[in-house]
Student: 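What follows is a structure written as structure tokens; I'll ask about it next.
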Amino acid sequence: MKTNIGNLPILLIELDTPVENGYNFDYYAGQLGTPLIGINRSSQNGDTPFSLEKSNVSYANGVITYEWEGNTYTKNCEAPSGSYSLCNNLRAIIHGTDDKYRVWYYTSNTYFYHISDVVLNNPLAFGSGHYVVNGSQSSYTTADELEKAILQSYLAPEFTWTSWPQLSGNNGMYLMDLSKIDDSIIGDGSTAYETFDSSLFDLKALTDLYTMTINLLNSQETTIAYCGDNYLTATKRTTLVNNVTTVYVTLKFYFRSDVLIYTSPELTVYSSDGAVSRDYLSIMYDEENEVAAPNIIQLWTATGKYGINEYSLPSDEQMRALFIWLQDNGVERETISPYDIGTTDNGGDPNTPTPQDHITDSPLPTLSGLNLGVVTLYLPTTEQLQSIASFLWSDNVLDNFKKYFNNFADNLLNLFVLPFHPSGLLTRTFKVGNMVSEITDVEYTTQRFYDVDMGSINIKKLWDSYLDFSPYTKIEIFLPYLGLHSLDIDEIMCPAKMDGTLQRGLGSVLSVVYRIDVLTGVIVAKIKINGEIRYQFEGRVGANIPLTGQTYASMVQGIITAGAGLISTVATGGLTAPLSAAAAVTGTINASKPTVERIGNISGDASMLATDVPYVVVTRPNKPMLEEQEKYTGLPSYKSGTLNSFSGLTICENVHVEGISCTEEERNAIVDWLKNGVIL
Amino acid sequence: MSITLKLRKNLSEPNRMTKSFASGTDKTYTGNFKGEMSILNPVFMIETTDDLTMYNYAEIDDFNRKYFATIRAVGYKLWEVSCQVDVISTYATGIKACKALVKRTQGSNINYYMNDGTFYTEQRSIVTYHTLKKGGNNAKLGTESYYLLVAGG
């Protein structure tokens, strides 16, 4: 699960809670979704950076430099005060919610665990993205206690067990939802389950172990099911004794690809003397998808009904280890998958991708014009504004204005409403021109531009196939005060990494930051994909309040102009569509489905009346669930290789039939068969 | 020349490379050529009281080939067996060693991101709406406020 705290590409966290026995550590910096890097201060050993899975880490003059996935990153860290010593056994987990993070670490004999809100604190002092954690900390004396604390605090992930499709033609991609565990027995995952859901009619013949392993080679450990980085493997052994062939299978369960947590006893799945066992593989999980484990169910039949004869279960420890893993952020990475990840040998060289550059965000403009004394931008309350009105229309004030200006309006430049109120503003006594009122504590700002976090959302895959991409799947985003905009679902589903290669797995985090000019109401929305700026749209917000007849006439003229823009926008297919009316019609005709206008020109005064919450609209195709479609149509491959590396129904685009001693008539017949489809 | 013909009951699809057969039903017949015989499409006449109506496959080791068989009753106890070579099963080992560009397959080497129209989609679309969240709540720009811009400072 991608980390997304504050939508910042670099995350700095300061733990302000002291650690016992003099151990302390200060600042971490980490790329989103990656392990953290930390800087420790030691009064005795000097500044010592440490890292988790990063390389070439160094610290000098308040700057951490490190490398991650081939890129070099730097981050400023201002030196803290006090004495700090080395904590060299840090383990950290950043969890993927917007406002929560969890970190755990251990010293030589004590385990610590933080769970807390993340609070942005004084960003100017350390650069944006510096956070202070004010949450509680707990310490534990055993790793077991720590693990329980972690697993009890995490949200449930979504995961799917899928059978490995490389086996026989009897076994394709399907969910192995065969049995369930009574959720009340699971509790927090620290106790093993003891009961079955009574419904075993979901057991499918395809999960008969003999069927699943029929094409396996003897003594060769082969993956038969997976979930993310979790794998279930089978190893077959065949014996021939007294003319009786017996097939045995041993199952092993790995998580994080290579950590073996479960080995089944050797199961007899076939015997030529007729004593065929009916062992079924099942992935057992609870109703919230919090816990899952492989198990073997041996069925017996009596009076036409199924019952449980025997089944095997992992131990409590194995279950808890698995549970912890499932809560970690590795579930959705799927670093090993049956999908092509861009390693085909045609159409360019995928081994030499073109690295891309970060699109760096600009700092806030500093020349605002509000700190020169020429004009002042007040943010009065309603009551203060009423007092200001009384003050402005007093005879004394009007007389004074006449000394300096021909028009009263020359002094009152604008009055408007914005749906935004900066925090931490200074106050002063209201004055206009050289006229000082008695209205005190009126907020004003000398800062004209502000960055506002407008939230984020994790866009996930649905079908895990080409159906998750355009033109089948579409995505639009509604930006308050800016309108509805179409986004490229292809890039959101599978953005290129900074090294130019495509990311593994589908989906990304979409986040939005508004930069607002409070003097004019102009907004620039920056849409980021996994923290990288990918879209920028502009608009305007604010409702003007007429001060004089002149400003009222100007405002009405502005509304008329905006209305004319609305008509034009509808005709051209949307606020952002850079098309002529004729081109928009052509585009509609060419689309598989008509484009629907969900919203018109939302900007300026009208924008104040529209929805103020950003949201995305995702349109996805609906694919019917077809049982074993691969048996009837095959699934797309477009890969080359010897045919013994393929299995099941295989249809060739082209084939070289060579090395076979046959007649030419037979050779041509073989080509025809292979092009029409052969079950290998 | 003496030749041995094994008739079998094939249970598999014709395009399956490794075919399965009804167990315990194979019939073996031996005879001699009377004239020319096609290797790829041989035709045999068998006189037997056996019921051959359900047999559909033949193997001739002398020809090193396997055949789809079509059996016709041509007289009392007389059957005509027309064979057509099953190249897929006959040359299975050699075929598996051939190199190919595979368009579709069932087992490994699947690329679900390759769009060849494999998956069917309904006219019904799934349209969902999701708000952007900040701190677990719907994100908003902020609260309303008056702004008054005046001359002087």
Side-chain angles (χ1 to χ4, degrees), chain A residues 99 166 169 339-340 373 376-380 385 411 413-416 419-421 432-433 454-455 457 465-466 612-623 630 634-640 642-644 646-657 660 666 669-670 673 678-680, chain B residues 12-13 15-18 39-40 85 87-88 90-91 94-116 118-122 124-136 138-153:
Chain A
D99 60 340
Q166 72 179 21
Y339 304 115
D340 184 9
T376 301
L377 185 59
Y378 290 100
L379 286 79
L385 197 56
N411 299 277
L413 303 178
N414 202 2
L415 174 62
F416 54 98
F420 173 68
H421 191 107
V432 54
M454 290 296 287
I457 187 170
S465 73
Y466 66 81
D612 60 354
V613 175
Y615 60 86
V616 295
V617 185
V618 184
T619 304
R620 302 177 190 269
N622 191 28
K623 184 169 77 73
E630 67 280 1
L635 295 174
S637 175
Y638 288 93
K639 294 185 179 181
S640 57
T642 54
L643 287 172
N644 59 15
F646 297 86
S647 61
L649 176 61
T650 300
I651 304 171
C652 295
E653 180 75 18
N654 221 323
V655 59
H656 287 181
V657 179
I660 300 175
E666 288 176 312
I670 291 172
W673 275 104
V678 170
I679 303 173
L680 299 175
Chain B
S12 305
E13 309 95 316
N15 64 338
R16 184 177 290 276
M17 184 171 279
T18 304
I39 301 298
L40 304 184
V85 65
V87 291
I88 295 300
T90 300
Y91 300 105
I95 290 172
K96 284 188 174 180
C98 290
K99 291 185 176 179
L101 172 58
V102 172
K103 186 160 58 177
R104 287 187 183 181
T105 188
Q106 181 179 342
S108 57
N109 291 316
I110 293 170
N111 185 351
Y112 291 89
Y113 305 145
M114 189 69 73
N115 181 3
D116 71 342
T118 304
F119 299 118
Y120 309 105
T121 57
E122 298 179 344
R124 297 184 296 174
S125 295
I126 306 168
V127 182
T128 55
Y129 296 74
H130 314 272
T131 56
L132 274 67
K133 298 290 196 302
K134 183 168 64 175
N138 290 339
K140 295 174 68 172
L141 185 58
T143 56
E144 282 188 338
S145 178
Y146 286 112
Y147 286 74
L148 177 59
L149 184 66
V150 302

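A, B, ... follow the sequence lines: proteins, then strands. Residue 1 opens every chain.
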Student: Could you give the distance from CD1 (B:I95) to CG (A:L680), rounded to the nearest 0.5 Å?
Tutor: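 Those atoms lie 8.5 Å apart.
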Student: Answer whether the closest heavy-atom distance between the side chains of B:L40 and A:E666 falls below 4.5 Å.
Tutor: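 B:L40 vs A:E666: side chains touch.
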Student: Name the atoms and distances for all side-chain donor-acceptor pairs under 3.5 Å in residues 96-104 of chain B, with sequence neighbours left out.
Tutor:
from   : atom 1 : to     : atom 2 : distance (Å)
B:R104 : NE     : B:D116 : OD2    : 2.8
B:R104 : NH1    : A:T633 : O      : 3.3
B:R104 : NH2    : B:D116 : O      : 3.4
B:R104 : NH2    : B:D116 : OD2    : 3.4

Student: Taking only residues two or more places apart in sequence, or in another chain, which ones meet B:H130 in a side-chain contact (heavy atoms from CB on, under 4.5 Å)?
Tutor: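 Scan of B:H130 (side-chain contact (heavy atoms from CB on, under 4.5 Å), adjacent residues dropped) gives A:I457, A:V616, A:V618, B:T128.
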Student: Closest approach of A:M454 and B:A139, non-hydrogen atoms and distance?
Tutor: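 In terms of heavy atoms, the two residues are closest at O-CB, 3.0 Å.
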Student: The test is side-chain contact (heavy atoms from CB on, under 4.5 Å); show your working for A:V617 and B:V127 and say whether it passes.
Tutor: CA-CA 7 Å; A:V617 185; B:V127 182; 3.8 Å; yes
Student: Could you tell me which portion of B:L148 (side chain, backbone, both or neither) has an atom closer than 4.5 angstrom to a non-hydrogen atom of chain A?
Tutor: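 When you check distances to chain A, atoms from both the backbone and side chain of B:L148 fall under 4.5 Å.
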Student: In Å and rounded to the nearest 0.5 Å, what is the CG to NZ distance from B:N111 to A:K639?
Tutor: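 The CG atom of B:N111 sits 5.5 Å away from the NZ atom of A:K639.
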Student: In terms of heavy-atom pairs under 4.5 Å, which option from A:F646, A:Y615, A:Y466 contacts chain B the most?
Tutor: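 Ranked by heavy-atom pairs under 4.5 Å with chain B, first place is A:Y466.
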Student: CZ/A:R620 to OG1/B:T121 distance, rounded to the nearest 0.5 angstrom?
Tutor: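 Between A:R620 CZ and B:T121 OG1, I get 14.5 Å after rounding to 0.5 Å.
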Student: For chain B, which of A:L385, A:V678, A:I651, A:N644 has the most heavy-atom pairs under 4.5 Å?
Tutor: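 Maximum pair count with chain B is reached by A:I651.
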Student: Which distance, rounded to the nearest 0.5 Å, do you find between the OH of B:Y146 and the NE2 of A:H421?
Tutor: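 Rounded to the nearest 0.5 Å, the OH-NE2 separation comes out at 13.5 Å.
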Student: Hey, does the side chain of B:S125 reach the backbone of A:T619 with a donor-acceptor pair shorter than 3.5 angstrom?
Tutor: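 No, B:S125 side chain to A:T619 backbone: no donor-acceptor pair under 3.5 Å.
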Student: Between atom CG of A:L649 and atom CG of B:N15, what is the distance when rounded to the nearest 0.5 Å?
Tutor: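 One finds 7.0 Å between CG of A:L649 and CG of B:N15.
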Student: Could you pull out the closest heavy-atom pair between B:F119 and A:S465, with the gap in Å?
Tutor: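 That would be CE1-CB, 3.7 Å.
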Student: Using side-chain heavy atoms (C-beta onward) and a distance below 4.5 Å, is A:V613 in contact with B:K140?
Tutor: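 A side-chain contact under 4.5 Å exists here.
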Student: What's the spacing between A:L635 CG and B:T118 OG1 if we round to 0.5 Å?
Tutor: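 Reported value, rounded in 0.5 Å steps: 6.5 Å.
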Student: Checking A:I660 against chain B: side chain, backbone, both or neither under 4.5 Å from a heavy atom?
Tutor: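 For A:I660, side-chain heavy atoms alone lie under 4.5 Å from chain B.
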Student: Any non-hydrogen side-chain atom of A:N414 less than 4.5 Å from a side-chain atom of B:Y147?
Tutor: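 Contact flag for A:N414/B:Y147 side chains = no.
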Student: Side chain, backbone, both or neither: which part of A:I670 has an atom under 4.5 Å from a heavy atom of chain B?
Tutor: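 Contact with chain B involves both backbone and side-chain atoms of A:I670.
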Student: Pick whichever of B:I88, B:T131, B:V87, B:N115 has the most heavy-atom pairs under 4.5 Å with chain A.
Tutor: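 Sorted descending by pairs with chain A, the first entry is B:N115.
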Student: Give a yes or no on whether the backbone of A:G648 and the side-chain of B:T105 come within a donor-acceptor separation of less than 3.5 Å.
Tutor: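 No; judged by distance alone, with no hydrogens or angles, the pair does not exist.
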